[in-house]
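To start, the structure under review is shown below, and the notes come after it.
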Amino acid sequence: MKITLKISPEEYKGPFNLINTIRSGQTSQPAWFYKDDYFRELINVAGKPCLVKISQRSCKKDSTMDIVVECPENLEEDVIKARIMEIFGLNDDLNDLYEYLRSDPMLEPTIKFCNGLRLFKAHDVFECLISSISSANCSIIRWNKAIKDIKMKWGDEYKFPSGTFYTFPKPEILANVPEHDLEEMQRCEDNLPEDFKFTNNLKSCGVGYRAKYIIKAAEMVQTEIELDKLGNMSYENAFNTLLKIPGVGPKVADCILCYGYGYGYGKAFPVDVWIGRIVSELYFNGEEIKPQKVRQFGMEKFGEHAGYVQLYLFHYARKSGLLDSLKK
DNA sequence: TTACAGGAGCGAC
DNA sequence: GTCGCTCCTGTA
């Protein structure tokens, strides 16, 4: 059945820009599929797979969101709305954030370049974990494609009037997929034609050497790591727990806490080379600083706003040309 | 064509 | 604990 609803600017604090939020490359999930003015994704709402389509009328910032939900049975509007509010960071108070950003001359310019940009939270923390592992040492385009490939190959397929969508596979599925084409070949008992292309393995999705990390991560979340409990731990505890997973270092762990769990972990400050260069340029006269120091600096200086500050600094640098100037 | 960019793992110190 | 090499793929 089909449910339509709206979320108006009066329902959240500060501006919201849907396109920028979805396309900002946050590792909670790949960008949603875009067609005919609507961004689309299959979301689990109250245990039901629903196709959620969202459009923000015209390009005007702060404009109302039009939402169409296709789901197998009737769902409370409030439940759907709460889920969407959570995913798009609409419970975060951006007026409060902007007041904070304006108090620092280095951060103040980020506001006009990132207006309405919000944390894009995971709708599936396991997907966020694997997305974040895949993003390491990799471009946004590449890891987005990899995750979409994984969903198509091993996710559950759901057909809706407006198209076919896939869930992110459960850990027990992903833990058992072949790592590379040799392993896939060994598992085939049939007589295959000589020129058969092996494409049902993780490496064929473009994750490269991270394939073995992904499989191991999928195993670990079924045994020693309980993703559901991470959200209730102290930040340090959750961070150290995530570091046990292969392929998860400090940057990836912070991304998972920031985008996967949001709320309590506003102080996570994911540091990649770009954030390192930006922080160095803005606060240390371009002097080279080690990532660990940048992380410590970010967490101490920006406190509970650290996650948003890193998001805003990166996009400000991208759009203002600062990033290009740092490449030289 | 080859060189390099991008985080994390790993072995050497 | 820190250094430097390696992993894979896309891009220049």
Side-chain angles (χ1 to χ4, degrees), chain A residues 24-31 127-150 153 174 177-185 197-221 224-225 230 236 238-260 268-281 286-299 306-307 310-311 313-315 317-318 321-328:
Chain A
S24 52
Q26 300 178 54
T27 68
S28 48
Q29 61 208 289
E127 176 181 32
C128 175
L129 168 68
I130 304 303
S131 291
S132 302
I133 290 174
S134 306
S135 75
N137 223 2
C138 200
S139 70
I140 295 171
I141 293 175
R142 193 177 145 196
W143 73 256
N144 264 246
K145 187 181 171 301
I147 299 302
K148 288 177 178 178
D149 267 15
I150 290 172
K153 286 184 203 292
L174 214 47
V177 304
E179 182 187 330
H180 39 60
D181 50 10
L182 187 62
E183 192 184 339
E184 186 186 344
M185 187 167 72
K197 293 265 188 297
F198 292 93
T199 56
N200 258 311
N201 62 82
L202 257 186
K203 262 198 176 172
S204 72
C205 301
V207 296
Y209 60 88
R210 303 160 198 84
K212 58 168 70 67
Y213 303 154
I214 292 171
I215 290 169
K216 184 68 183 162
E219 287 170 10
M220 288 176 78
V221 300
E224 68 239 64
I225 311 274
L230 276 185
E236 284 74 18
F239 181 79
N240 288 321
T241 303
L242 283 169
L243 289 186
K244 292 180 190 160
I245 302 173
V248 179
K251 150 64 160 66
V252 169
D254 276 333
C255 281
I256 296 164
L257 293 175
C258 195
Y259 310 129
F269 191 70
V271 175
D272 59 11
V273 290
W274 295 108
I275 283 298
R277 287 168 195 168
I278 293 163
V279 166
S280 151
E281 183 67 20
E287 171 198 335
E288 201 176 312
I289 328 161
K290 294 198 168 36
Q292 202 190 71
K293 288 275 175 200
V294 178
R295 175 171 178 267
Q296 199 183 344
F297 168 81
M299 291 180 70
Q310 97 91 27
L311 180 65
L313 277 178
F314 184 73
H315 288 276
R318 229 163 67 152
L322 173 61
L323 213 56
D324 290 328
S325 73
L326 292 175
K327 281 178 187 167
K328 289 160 199 159

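Bear in mind that the values here come from a model prediction, so they are computed numbers and not experimental data. A note on names: the letters A, B, ... follow the listed sequences, proteins ahead of strands, and every chain is numbered from 1.
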Q: For the pair A/Asp254 and A/Val271, evaluate side chain to side chain contact (heavy atoms under 4.5 Å, CB included) and give the outcome as yes or no after the intermediate values.
A: CA-CA 8 Å; A/Asp254 276 333; A/Val271 175; 6.0 Å; no
Q. With distance as the sole test, does A/Lys153 use its side chain to make a donor-acceptor pair with the main-chain N or O of A/Thr199 at under 3.5 Å?
A. yes
Q. Under 4.5 Å between any side-chain heavy atoms of A/Asn137 and A/Tyr209, yes or no?
A. yes
Q: For the residue pair A/Phe198 and A/Leu182, establish whether any side-chain heavy-atom pair is separated by less than 4.5 Å.
A: no
**Q.** Main-chain N/O of A/Gly206 paired with A/Arg142 side-chain donor or acceptor, under 3.5 Å
**A.** yes
Pick out the pairs of N or O atoms, protein on one side and nucleotides 3-5 of chain B on the other, that lie under 3.5 Å.
none

**Q.** For DNA chain C, the residues among residues 205-216 of chain A that have a non-hydrogen atom under 4.0 Å from it
**A.** A/Gly208, A/Tyr209
Q: Count the heavy atoms of every other residue, nucleotide or ligand shown that sit under 6.0 Å from CD of A/Gln292, and state whether that count exceeds 12.
A: no
Q) Considering the terminal five base pairs at each end of the helix from B/dT2-C/dA12 to B/dC13-C/dG1, what angle separates the two local helix axes, rounded to 10°? A) 40°
Q: Examine distances only and state if a side-chain atom of A/Glu184 and a backbone atom of A/Asn200 form a donor-acceptor pair shorter than 3.5 Å.
A: yes
Q: Name the first nucleotide and the last nucleotide along DNA chain C (5' to 3') that come under 4.0 Å of a heavy atom in chain A.
A: C/dC3 to C/dG10
Q. Using a cut-off of 4.0 Å on non-hydrogen atoms, how would the nucleic acid contact of A/Pro246 be classed: base, sugar-phosphate, or nothing?
A. sugar-phosphate
Check nucleotides 11-13 of chain B against the protein and report each pair of N or O atoms closer than 3.5 Å, with its distance, or say if there are none.
none

(Q) Within the 3.5 Å criterion, strictly below it, is a donor on A/Gln26 or A/Ser28 matched to an acceptor on the partner's side chain? (A) no
**Q.** Pairing residues for A/Glu219 by the side-chain hydrogen bond (donor to acceptor under 3.5 Å, both in side chains) criterion, not counting sequence neighbours
**A.** none
Q | Polar side-chain atom of A/Arg210 near backbone of A/Ala136 as donor-acceptor pair, under 3.5 Å | A | yes
